[in-house]
Amino acid sequence: MQSQTSPDTDKRPVEYDPGTVEEKWQQRWRELSTNATDIRGADHPFYALMMFPYPSAEGLHVGNLFAFVGNDIYGRFQRLQGHNVFEPLGYDAFGIHSENYALKVGVHPGKLIPENIVNFRRQLERAGLMVDWRYTLATTDPEYYKWTQWVFLQLLKQGLAYRKKAAVNWCPSCKTVLANEQVIGGRCERCDTPVEQRFLEQWFFRISAYAERLLRNLDHLDWSESTKTAQRNWIGKSEGAEIEFSISGRQEVEPIRVFTTRPDPVFGATYMVLAPEHSLVQTLTTDAQRGELEAYLERTAKRDVVARKTSTEKTGVFTGSYAVNPAMGADIPIWVSDYVLMEYGTGAIMAVPGHDERDFEFAQAFKLPIVRVVLAEGEAPDAPLRSAVVAWDGATLVNSGRFDGLPVEAAKRAIVSMLQEHGAAHPVVNYRLHDWCISRQRYWGPPIPIIYCDKCGPVPVPEKDLPVILPYVEDFKPDDSGVSPLARHEDWYRVQCPQCGEMGRRETDVSDTFLDSAWYFLRYPSVGLDDVPFDPDITRKWLPVNSYIGGNEHAVLHLLYSRFVTMVLNEAGHLDFEEPYVRFRAHGLIIRNGAKMSKSRGNVVIPDEYIEKWGADAFRTYLMFLGPFEEGGDFRDASVSGVKRFLDRLWASVVTAVESGNGAGTSDALDVRRKLHQTIRKVGEDIPRLSYNTAIAAMMEYMNTLRRGERTPSRAEVEPLVQLVSPFAPHIAEELWEKLGRRGSVLDAGWPAYDPALVEEEMIELAVQVNGKLRGRLHVPKGIAEEAAVAEAMRDGAIAKFVSGEPKKIVFVPGRLLNIVV
RNA sequence: GCGGAAGUGGCGGAACUGGUAGACGCGCUGGACUUAGGAUCCAGUGGGGCAACCCGUGGGGGUUCGAGUCCCCCCUUUCGCACCA
């Protein structure tokens, strides 16, 4: 090919066999501990974290690998920059996922999970990740969940874990309680069954107390904007007022409190609505209405959450009682309806049917009065009100006594302060964020470390007694008793109270998987230490995490919970930082041939098959090449060949360079040298931006330059390229590094420097436009002056013919373009 | 309904703060070497036109010497949230 010597034999492609090369280097990395991180001795620690996978029976998914490779490239790059990089990986092995699969195949999860982990480990090693496997963990290890239980106890100690009987989301299929976050559109996130309501005693974490801090800190985090937005929306801060409505003729009953972001139309509040679960419902129901109301409550309780939350049909019952509208003192009826949700605000509303669509529908259905109190800009006061008018900008009040004519914004403030003087209102900030229910009535999780004692109540298991081992039980199938399968094992749950020594009973619920993953990053560098969850010196050195890469599906759940737990541990004095991840980037999703991958479609990419066929290096590089890392892309089988071809050519170039003995000195061809230095700069700029696809394209471009014409590349021309390629295709890079006669891992060779003088071209192509239209290109010296450029342009007939007479204006962008306006 | 992201060749995708649209790769066309090639190498490849040129970044307006990029109005896709008061 490039060689001029014996064209006959050299036309033969120089190919390499990825299988042999990759096996050799993976073995060598193991023998030489190339990927090991010196945790205690590191001078320049860099913690490159990736979200750990759930070790499924199906094995590693390309989506996992896409994320891991993306993180690995970043980590390897940091190492080449001179950092001590720690790139650990473990397994998120507890949870409903594993348990359901175990139930399906009838094998105990305690047997399945270790098998899956072995398979995952094999697949991960094959991918050539720079992971230090001495520091791996599985959330199912007692040495790990001992400390998950410890985290629970810290929250309890801080008063942030509490028990309450609450309406919870109950999945009748999984037979367990779900967190709000696990309910998608009223259905179970895992099995898509409509979720029902149940009332159970649950353990909650008071994350709502941290809403403001979780929100505020986002402003200073170097995170993907989309992730921050998702968290902001989830926290859902809204500012408004709480208004009290006293009960007409019943001073002894506490007033109904409502939260509203729109206090201005209070004069139009013609009735009130309580959520069916509201505590005042019984008190306010008159005897005459009781029968009808009880029937309604029963109906709504049975009604599944989907129907309740998605149907727009309004149902409800009058309680028989009246409240006093504090604005003008009128009595307004109090209704009960399931369109008001107990979870938001106070579970009660003042209904303003003139200006709220839901209230309007309800008022129409039950023939309640609708009053107009807000006028949209330019609207006549006597315009008929056919639907709710939700007006804001430029709207003014009517039928609101002395507030008539006031713009909405001013009216909001004026009305709240008027009501406030009467003690009937005060400004309030409300959040959508609910407390985190961590109880699960399941088997496959860490038991919550609590012992119930008749005398002492709930008593925390003393820290010295941790872990509370999850016992091996054969019948781990959940039932609909509302309690965990562990509650069927008296020998396990009957235990002495740690305080008084009387017989007590263990908490039989286990904790949410999200608690396992809320602190795992703290454990990695301290894996192996069994007297602390995380060593203070090690933690000071390695945390917070420098770079975290993961999927945006965890934008609100895992990322919010781990931030919360970090804040709490910080307050308790266990950590000296309150945000766990300095930088977070969400990777994109991979689709296949334009369609979502799914088992049912049968279009799932199985990494093993591709690695077998193309090699891990080509597969890794292709994954990074198929689209922008943060956006994902379309996996097309036919396209892998392009990347493989690039690696083949890289191999061939290095081999011929070495064989030709073409000096290790500087390269002879100036244009090749320039391109090399431009490539070094480009790749070095692209990797930190996670713009991997363009970094690879740049290397391919350089390869094309290298191969142009009948020439043999020199070592100096190929050696830096091997370094640039190494984060993407580490095995071939190592092999070629060795072929080049270099000792040690290419990982420790550093990152090549570029010469700024060579990056800049001396001659450039100057685009010449006439009236903004491209008319020609000039090959001119970089620093050419405007006058010289114009003169040069006018000598070019193809350009000059568009210019007649004196130009009106000349726009000159040095080094780029000349625009002659005539 | 609300919120996020995105619409560029046959396809995946490039284009930093407005400045040569289509880098890189796949595919395709032609050629070389071949018993053969789904290997390799070389050349070409947005559309139209013999050409000079013209048209082109979802559609329509606008700002500008100049717009894929900025502004306004639509359309489409996609991902979250969703009776949130």
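Labels below follow one simple rule: chain letters A, B, ... track the order of the sequence lines, proteins then strands, and each chain is numbered from 1.
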Would you tabulate the nitrogen or oxygen pairs shorter than 3.5 Å linking the protein to nucleotides 61-64 of chain B?
none

Please tabulate, for the side chains in residues 623-634 of chain A, all donor-acceptor contacts under 3.5 angstrom to protein atoms that are two or more places apart in sequence or on a different chain.
| residue | atom | partner | partner atom | Å |
| --- | --- | --- | --- | --- |
| A/D634 | OD1 | A/N593 | N | 2.7 |
| A/D634 | OD1 | A/G594 | N | 2.9 |
| A/D634 | OD2 | A/G594 | N | 2.9 |
| A/D634 | OD2 | A/R636 | NE | 3.0 |
| A/D634 | OD2 | A/R636 | NH2 | 2.7 |

Of the candidates B/C65, B/C24, B/A85, the side chain of A/F625 sits closest to B/C24
Does anything in residues 762-786 of chain A pair up under side-chain hydrogen bond (donor to acceptor under 3.5 Å, both in side chains), and if so which pairs, sequence neighbours excluded? A/R674-A/E762
Nucleotide N/O to protein N/O under 3.5 Å, stretch nucleotides 1-6 of chain B:
| residue | atom | partner | partner atom | Å |
| --- | --- | --- | --- | --- |
| B/G3 | O2' | A/N233 | ND2 | 3.1 |

Does A/A363 have any side-chain contact (heavy atoms from CB on, under 4.5 Å) partners at least two apart in sequence or in another chain, and if so, which? A/Y271, A/P353, A/L368, A/I370
Return a single string for nucleotides 44-53 of chain B, one symbol per nucleotide in 5' to 3' order, where B is base contact, S is sugar-phosphate-only contact and - is none, cutoff 4.0 angstrom on heavy atoms. --------SS
Does a side-chain N or O from A/N704 land closer than 4.0 Å to OP1 or OP2 of B/G25, or not? yes
Reckon A/R432 has a side-chain N or O less than 4.0 Å from the OP1 or OP2 of B/C81? no
A/E361/A/R358 salt bridge by N-O under 4.0 Å criterion: no
Please list, pair by pair, any protein nitrogen or oxygen found under 3.5 Å from a nitrogen or oxygen in nucleotides 19-22 of chain B.
| residue | atom | partner | partner atom | Å |
| --- | --- | --- | --- | --- |
| B/G19 | O2' | A/R816 | NH1 | 3.4 |
| B/G19 | N2 | A/Q769 | OE1 | 3.4 |
| B/U20 | O2 | A/R777 | NE | 2.1 |
| B/U20 | O2 | A/R777 | NH2 | 2.9 |
| B/U20 | O4 | A/E765 | O | 3.1 |

Name the stems that RNA chain B belongs to, where each is three or more consecutive Watson-Crick or G-U pairs with both distances under 3.5 Å? B:1-7 with B:75-81, B:10-12 with B:24-26, B:27-32 with B:40-45, B:46-48 with B:53-55, B:58-62 with B:70-74
Just to verify, what does A/K801 make a side-chain contact (heavy atoms from CB on, under 4.5 Å) with, not counting sequence neighbours? none
Hey, is the side chain of A/R636 poking within less than 4.0 Å of OP1 or OP2 on B/G13, counting only N and O atoms? no
N/O donor-acceptor pairs under 3.5 Å from side chains in residues 687-700 of chain A, not counting sequence neighbours:
| residue | atom | partner | partner atom | Å |
| --- | --- | --- | --- | --- |
| A/R689 | NH1 | A/D686 | OD1 | 3.0 |
| A/S691 | OG | A/T694 | OG1 | 2.6 |
| A/Y692 | OH | A/G70 | O | 2.7 |
| A/T694 | OG1 | A/D686 | OD2 | 2.8 |
| A/T694 | OG1 | A/S691 | O | 3.0 |

Base, sugar-phosphate or nothing for A/L626? Non-hydrogen atoms, less than 4.0 Å. sugar-phosphate
Counterpart residues, salt bridge (charged side-chain N to carboxylate O under 4.0 Å, His left out), relative to A/R816 (two or more places apart): none
Would A/S224 and A/N552 count as having a side-chain donor-acceptor pair, cut-off 3.5 Å? no
Looking at A/R645, does any N or O in its side chain come under 4.0 Å of the phosphate oxygens OP1/OP2 on B/U40? yes
With A/D671 via side-chain contact (heavy atoms from CB on, under 4.5 Å) - residues at least two apart: A/A669
Residue pair A/S208 / A/Y431, side-chain donor-acceptor N/O under 3.5 Å: no
Under 4.0 Å between any heavy atoms, over every strand shown, what does A/K773 touch: base, sugar-phosphate, or nothing? Just pick one. sugar-phosphate
